[in-house]
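One structure is given here, and the rest of the page talks about it.
Being a predicted model, the structure only gives us computed values, none of them experimental. Order of the sequence lines fixes the chain letters, A, B, ..., with proteins taken first and strands second; residue numbering starts at 1 for each chain.
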Amino acid sequence: MGGVTLSPAVSKAPAAVRRTSRSAVRRIWGSVLLKRIAFYLVAAWAAATLNFLLPRLMPGDPASAILLKMSELGPVTPDRVQLVHRLFGGAHSEPLWRQYFSYLGGLFHGDFGLSLAFYPTPVSTVVRSGFLWSVLLLGVSTVIAFVLGTVLGALAGRRPGGWLDTVISPLSIFVHSLPYFWAALILVYVFAFRLDWFPLSGGARPDLAPGFDPRFISSAVTHALLPAATIVLTSISGWLIHMRNMMASVVNEDYVLLARAKGLSETRVTTAYAARNAVLPSVSSFAVSIGLVVGGSLLTEMVFNYPGLGSLLNQAILNLDYPLMQALFLVISMTVLVANFVMDCLYVLLDPRTREAAS
Amino acid sequence: MTRRHHVRFRVPANRKVRVGLAVFLLLVLVAAFGQLFVGHVLGQSANRLHAGGNLESPSGRHWLGTTSFGQDVFAQLVAGTRTSLLVGLIGGAIATALAVLLGVLSGYTTGRSGAALTAFVNIFLVIPGLPLLILVASYTRGRGGWLTVAVIIGLTSWAGGARAKRAQTLSLRNRDFVEAANYSGESRTRILLLEVIPHLAPVIASTFLFSVVGSIAAEAGLDFIGAGHASTVSWGTMLYWVQSQGALQSGAWWWFLPPGLCIALVGTAAGLINFGVDELADPRLRTRKPGSAAGRSRRSGGVTPEGAR
Amino acid sequence: MSARSRTVASVISAMAVLGAGTAACTSGEEASSASSVLTVAAYSQPTLQANFNPFSPNALRGTVGLIYEQLFDFNTADKNQFMPGLATKYTWDAGGKALHLELDNRAKWSDGTALSRDDVVFTFEYMKQHKLLAVPLTTVVPEGGGVTLTFASPAYSQIQQIGRVAIVPRKLWAKQDPDTYINRSPVGSGPYALGRVTGQQVSFTARKDYWRQDVPVKQINYVTTSSTNLLAQQMVRHEVDLSYAGIPNIKSQYLDKDTAHNHLWPIRASMKPLLLNLRRAPFDNVHVRKGIALALDREKVADAYNPGVYQAVGPTGLTAQSWGQVIPDGAKEPLAQDRQAALKEMAQAGYQLKGGRLVDAKGKQLSLEILTVSTFADGMAYAQELAGQLSQLGIKATVPGEAPSAYVADEGKHNFDAVFGDAYVFGSNLYNFYWSMLSPDSTQSIIGWDDPATKAALDKLAKADPAGQTEATKGLEKIMTDQVPTIPVVVKGTPYMYSTTRYTGWPTEKNPYTTPDPGAVSGVYAEKLFLSLRPATKG
Amino acid sequence: MTADPILDVAGLTVEYGTDRPSRAVDDISFRLHRGEILGVAGESGSGKSTLMTAVTRLERPPARIVAGSVRYHPRDGEPVDLLGAPNRQLRELRWDRLAVVFQSAMTALNPVMRVGAQFVDVLRAHRRIGRKEAWQRAAELLEMVGIPGDRARNYPHEFSGGMRQRAAIALALACDPEIIVMDEPTTAVDVVMQRQILGRLQELQAQFGFAIVFITHDLSLLVELADRIMIMYAGRVVETGAAATIYRDPLHPYTLGLRDSSPSLHGRPRTVRAIGGSAPDLWDLPKGCAFHPRCPRRTDGCDTVRPPLLTVGGHGTACLLTGPATQEQS
């Protein structure tokens, strides 16, 4: 991966220089990467452990939840009650440490046990059914929000107090403060219910089987537009404000001033000097923001009845589905971890100083 | 010394800060005395069902109309202001305290324990907050009222603030005055309390502000999905009913809009204050008011020559 | 190309793909709404997992009724008439200890083979073996054109449960464990075959070779709805033809939007009492219970959420319309709110009114938490109304709402003062109604009522033959009025909402040929309903 | 030194803020000749940095130029007033004719760009040369200030402080400018490095003949380097004259204090005495002579009359007591 940091222009440098700098970069890059990987492995283990502990602090027992469901169908025999308690209550009868190790062991095999809410469907099947929906929705809207927010923030921060800043900054503070679900409700009402431009809910037209079929994909995109718009609308401001402030601060840095003194074009000064530096904190604080966006997108999914992890989480909590909850928490946390890892790598690419710090 | 004097003098002069503070002041007044006014002057109560007709539009009797249960929306909004603000303040205070404690400690402590603390903060940072919050909130089963909710919010939402504190502390740790204190043999606790934390005051204030807003929003989210304390009147529970009663579809904008706008208003006010305070704290962000004569000279202290490699 | 320009390029290409997708979708979306498809809002959860095991509590709706068929049922919406399924008639023998079922010999599995007596015998034995049958079954044998079941004790009262057994083919089920089998490709005898299962919908397609008759509705989609709010919008847009959810303000939100096509018939098949935790003082005191019962204005409670859907009910828990002949005089009408009488009862329990608060000798106010599931808007509304009325009597009544799982757990652990969430189904025979509410053996009886007299009365009713059932019920009714183990408040109405835009021939109050209860998306009720619909004539 | 003017600053006034503006630079005029080194000295807060940003048109939003002109005289053609010049023209003049070296090279170089690339982009903005050629030129320029050419590939953080400072000077030379404005270019480096850099700078100046406006708080340094010196206090010029004259015979009490507050580089050792008090608050300037509250020699009238800058024979001062006007009167 080390080679990525070297632009082709390097080849024009003397051969000796090229050799040393390339291997140095590779070595430095490598050690940064190793450190990061180590951190993320520890974080993953901690998240897995937290995931193990938290649901066990939850009240209620799944057996009674299932029994209530059964009794709605008809009377339940006392024998059956015992059977259900044995089947569903059994998960917590072992000592905690043994549960923990079988839990960790299961994780390595991708085995999360059977879901209670969808008993006897395996949890992995349930999670898989929602994973792609959420990751695509969240991924695409986060990227859009990040890029758009950063660009707008850079434009606004370039001239603090300018007209763009005067309009955009207060507006984005306001939009940023809107509750996700409230914005979602308004969007549904206006664009789906009133104007009928978009479907009301769901992930795709329900009669289409998921797959690489243009009809399904286009339907999925149509269904994703409103939820994505909600996420973009409410999360864009975070990036925007951040970037605006960084930009407003960076445009006063000497190197930006010097770039202007150099008679470079305004675009070059803004992009290569100001924005290029101002974006770094946004990238490094990605972890804080992505957590918020994930939380918001869970609520958004619930409003839109979107078949992703948020809706599954809701179902898992309502049904006291421990195994499903665990798996969902783990998958959500791991996704966030992976996203952060990617951003970390990007940061190292963007900021040459971090490469030195590690050596 | 002159700079400090200037900051104190200019706070109310910044328009953004002024507007933001005015909004907060208004909300605090509403939270404190609103219910008296609603009860004694308007003769309404937040909890009374069928105080008026169902889904009445705003009138002199019901300033913001009624819900589909005939409750007075204005009375609910006022009662909700108190709950939401209290949740915000308590949740925000807990989150900020934890953030300062863990952030400063992890930034200031060196060696293995420092690394462990940092890892701890970073791990909490990557664990998404809302699912965690939902889970823990379900644990309390809506018992204990809004206070429990506030405490849980505080306990689960400190990581972002802690990260900021850590970064600030790291940069302070190497500053002259802290090093001087170190050499003079002052105890670490003393240095932290008397040197580091006072210098973090502006950052702590802004963390608190956003923790308050975050707590209010989190409480609203919890209530909205029914995981909060549903029988307390708060902006969140109002939105829960708004959604479950299909207020929008019934055209009851007077019921749908106020709670959401209130939440947005608090966030906006906090954002404005923060914006303004940022400008005061960092002369480079200043747009309207003069800064020190030369912005750049301010930073000369932060530059330390690095050795050639 | 530098690293950065590569990144830029990939972002641009990603956006281009997205843009193309957006452009493509607008054209494709319209084509779908085939007018012949019937859409039912059948699941109140956002996502589905395939499960067509009729013995699983998580079996998807439609598994029974559309794919597997039951033996028979009784039309509780009308006068409990017999509704044939796979069985055409039943005969009791041996004082209720033997039951002969005559089977419809035309029945065929969807793989073309005949549904035999053998399969019925197998199903009963299978359920017995796996403890799925709440009936004291001893043997089941083929006899004549059907099967004969024998029981350890008279089973008159369990006839509806026996009828609701869904028959499965022996050859496919003999080796399956009902607790773990998912049954993704079911073979049943019902009018529909499984179409496609997506995360948010199950479609059923009509069988061309259905043994009973031509199937008029060619495709039925059972879809998911996670909120009543969304459902209301889907109903108004005629995206859903049939649903049972308690959407708020049904009249303004649904009926008034299209009076020609949108219809509602609230089916009142169950009763909601205010349940007090009899293990806790002072609710173990009958005078406190009577005082509370007298403090309620039941009409107001009934109308607290959706006026016209619920109905106030008398102290026996039974409605005069359906069970008039059973209810003793004086208990037919709902108890009227009577503040003075209520205070008198409270005084007998040692509670005096002081400064608007009902306090005991030590000056402690009578307080009561009505535990409610916070995600059920209707439940919250009713509970709040109840609390409001009790507060007026001087009781400190509050409504803590909690998540469904926590609610169920608290109920199970008897950790509550009062609940107003559970409803008890009348059924075709009152034994199950009272048993599930009052018997300590019932998982649904959460109040802690353990009374020998009630047990004796239940036993008597369980064994009573159809002719003696009215008389046998009276003892239980007397317990209800005198002891007030539960406080009947309302008859729960299930808002059966349907649209006549695509199909007509729905059961109505005037023509209640089947019971369109929530069960109507499954079982004999559903089968009867869907087989009776006719495509609407375009007008 | 020729008497050929290259930059003419007249009545330049810069204010901060709008509601209650403060003047950081108040009616300053001076002329810079080709190949001349003009030193500007003053305490921090005296407005010298603001003057520099205004002259180079790099003033930032709270600062506004409210009056005056900055006329650049090209070798051929009409003089251009930089204050009124359109952006495009200004951009063309920048670096090509007028380059800048900032106080702290630590922050003046873009931290995320290779040092060489920061040469390349300015070279390619003003000269029609290819990328490869530009990189070679960057290496040459770095070598000119004593940095090995292959270090062009490094990032600024991989340079030592002195290297960065030299790189910043090399960068200023990139397009062979006629004027270089330097704002305390050696403050951040140690004395040995400072000597080295200044020595190099003088050599380069001799070689290329550019004019320098050199801003510093260190008067003794200017004496060695500059041809003429301008002393600033509270946004105004309080004394101006030939370097040697100013150092030898300062007229203004402030200049005297400034001179005595810094150690002499050579010549007989002098007691270092700091000026009492601190720089005035620009929002709240003392009436009369802004220096009077700190002035050891203030008399009646100093707190009411603001002395104008009066020049006699190339040496001028703005002081009631010691100015030429006073001398003439007495």
### Task
Calculate, to the nearest 0.5 Å, the distance between atoms CH2 and CD belonging to W133(A) and Q200(C) respectively.
7.0 Å
### Task
Would you mind checking which part of T225(C) comes under 4.5 Å of any heavy atom in chain A, side chain (CB onward), backbone (N, CA, C, O), both or neither?
backbone
### Summary
Closest heavy-atom pair, T121(A) versus A50(C), reported as atoms and distance to 0.1 Å, is OG1-O, 4.0 Å
## Note on the structure
Honestly, the part of F216(A) sitting under 4.5 Å from a heavy atom of chain C is neither
## Note on the structure
Heaviest contributor of heavy-atom pairs below 4.5 Å to chain A, chosen from N221(C), T198(C), V64(C), is T198(C)
### Query
Contact part of E239(C) toward chain A, heavy-atom cut-off under 4.5 Å: side chain, backbone, both or neither?
side chain
#### Entry: T47(C) side, atom OG1; L309(A) side, atom CG - distance, nearest 0.5 Å
10.0 Å
### Task
Heavy-atom distances under 4.5 Å only: say whether L48(C) touches chain A with side chain, backbone, both or neither.
backbone
#### Entry: Toward chain C, the part of Y189(A) with a non-hydrogen atom under 4.5 Å
neither
### Query
For A423(C), is it the side chain, the backbone, both, or neither that has a heavy atom closer than 4.5 Å to a heavy atom of chain A?
neither
### Query
Is R194(A) atom CZ crowded by more than 12 heavy atoms from other residues, nucleotides or ligands, each under 6.0 Å away?
no
### Task
Can you measure from CG (D196(A)) to CD (Q233(C)) and round to the nearest 0.5 angstrom?
11.0 Å
### Message
Quick check for you: to the nearest 0.5 Å, what is the distance between Q49(C) atom CD and Q315(A) atom CD?
### Response
8.5 Å
### Query
In terms of heavy-atom proximity below 4.5 Å to chain A, should S442(C) be classed as side chain, backbone, both, or neither?
neither
